[in-house]
There are 2 protein chains.
Amino acid sequence: MERADAARNRARILEAAAALFAAEGAPNVTMDDIARAAGVGRGTLYRRYPDRASIALALLDEHERVLQEKLLRGEPPLGPGAPPAERLAAFYSAMVELLEDHAHLVLGAETGRSRFETGAYGFWRAHVHALVTAAGTPAPDALADTLLAPLAPDLYTYQRDRGLTPDRITAALTHLAKAALS
Amino acid sequence: MERADAARNRARILEAAAALFAAEGAPNVTMDDIARAAGVGRGTLYRRYPDRASIALALLDEHERVLQEKLLRGEPPLGPGAPPAERLAAFYSAMVELLEDHAHLVLGAETGRSRFETGAYGFWRAHVHALVTAAGTPAPDALADTLLAPLAPDLYTYQRDRGLTPDRITAALTHLAKAALS
DNA sequence: GTGCAAGCGGACACGGTGTCCACTTATGGG
DNA sequence: CCCATAAGTGGACACCGTGTCCGCTTGCAC
């Protein structure tokens with residue numbers, strides 16, 4: 001059971017972190033900043049979240065769960081029922097939305113390889129792997145990662161900064177999905 | 001004009017850095033390590049290379065130039081003359097070879113977004129963009145980045161660590177190339 | 001009200017980065 | 001051949017972020 005003050009502090013930490021990530025960009029926010037903004041000590045912060053990535057993960061968790069639920073049990077084409085190529089295209093489109101809303105705040109903290117170690121990546125990977133296998137393409141193991149690569153938060157923010165619109169990125173991904181799983 | 005001792009130190013720095021990157025993995029090597037191994041002071045090191053990424057870049061430069069030359073003026077299918085889909089597949093294959101030889105040593109230093117800021121990425125991007133445009137696909141701007149994403153060094157080392165072989169990765173990329181630019 | 005464990009927070013040590021400046025040395029002109 | 005000079009050198013230093021540790025506080029159950 002969690003003590004009341006602990007719960008309150010957890011909420012304050014997440015709230016403060018979300019605000020700071022949004023204002024400064026996740027990589028520019030230090031653990032110290034977060035602790036100070038939340039009005040807690042460093043020790044308290046580290047007790048729950050050993051690093052920035054785990055805070056980002058906690059902030060993302062809810063949004064990811066919603067999408068995961070839709071993939072497993074939602075309506076086609078996102079959920080089961082549609083042909084693999086269309087399910088992949090729908091997944092891409094949903095992920096672009098998710099990135100558009102949250103990449104600049106949060107995903108920036110998942111720098112480099114740590115991205116692949118998260119549970120979320122495992123889920124996306126399993127989903128795409130199933131689609132790829134259903135479509136009967138060669139080397140499904142490798143192809144699943146390959147098809148997830150364009151969703152790297154780093155790449156997305158880079159593309160957005162270069163002036164590409166979400167629509168245009170989605171268009172490219174839709175073409176890719178249809179072509180790769182035909 | 002560069003003084004003789006400066007040239008000698010530059011060579012020693014690059015040699016020491018290459019050895020350390022190979023032995024310890026690029027992210028685990030500090031600037032101090034490199035300076036000590038090269039037998040120069042920190043100031044000397046920083047004078048030429050302000051960070052690890054610039055050292056990695058210098059080490060990669062030669063290999064990248066060779067491939068770039070082949071893309072511009074080499075034999076088909078890598079060079080001009082073959083259909084876009086086959087040129088892209090050949091490019092993927094060559095990049096996998098390059099990653100296999102050097103990713104674990106060097107590309108690890110190009111962490112996160114800095115990858116996109118390098119001249120090399122610009123070159124790959126222009127090349128793929130030309131192929132994509134020639135193939136007449138929609139949203140060529142976005143698609144060029146999308147098709148380069150699977151070559152991220154982070155992803156490559158992750159796939160290799162998970163047991164995927166270069167052959168298998170190349171197979172997935174070949175399928176992707178043929179499918180995307182048909 | 002009281003005992004106590006969970007929670008708290010700031011002080012601390014560590015390690016890496018990047019800067020700065022007094023010293024050294026190669027180089028080219030006299 | 002030697003000297004003036006500017007490029008080059010190297011290590012000391014200050015700064016910053018991280019993560020840990022431990023004495024104190026506080027909520028909770030009885």
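What's counted below: heavy atoms across the whole structure, side chains too, no hydrogens, waters or symmetry copies.
Of the charged side-chain nitrogens involved, at least one lies within less than 4.0 Å of a carboxylate oxygen, so that B:R162 and A:D145 count as a salt-bridged pair. The existence of a salt bridge linking A:R10 and A:E2 is confirmed by a sub-4.0 Å separation between a basic side-chain nitrogen and an acidic carboxylate oxygen. With respect to the salt-bridge test (charged N to carboxylate O, under 4.0 angstrom), the residues A:R160 and A:E100 qualify. Between A:R73 and A:E69 there is a salt bridge, since at least one side-chain N of the basic residue sits less than 4.0 Å from a carboxylate O of the acidic one.
Rounded to a whole Å, the CZ atom of B:R47 is 13 Å from the C1' atom of C:dT25. In this structure, the CG atom of B:L45 is 16 Å from the C1' atom of C:dC20, given to the nearest Å. A straight line from CD1 of B:I55 to C1' of C:dT17 spans 13 Å, rounded to a whole angstrom.
B:L14 places a side-chain heavy atom less than 4.5 Å from the side chain of B:Y49. When side chains are defined from C-beta on, B:R87 does not count as touching B:P76, because their heavy atoms never get closer than 4.5 Å.
For the atom pair A:L99 CG and A:T157 OG1, the distance stands at 9.0 Å (nearest 0.5 Å). Rounded to the nearest 0.5 Å, atoms NE2 (B:H129) and CG (B:L143) are 9.0 Å apart.
If you find the closest nucleotide of DNA chain C to A:V40 and to B:G43, the one lying nearer the 5' end belongs to A:V40.
For B:T44 and D:dG10, the shortest distance from a side-chain N or O to OP1 or OP2 is below 4.0 Å.
For DNA chain C, the residues of residues 2-12 of chain A within the heavy-atom distance limit of 4.0 Å (strictly under) are A:R3, A:D5, A:A6, A:N9, sorted by number.
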Every protein N/O lying under 3.5 Å from an N/O of nucleotides 16-18 of chain D:
unit_1: D:dT18; atom_1: OP1; unit_2: A:R52; atom_2: NH1; d: 3.0
unit_1: D:dT18; atom_1: OP2; unit_2: A:M31; atom_2: N; d: 3.2

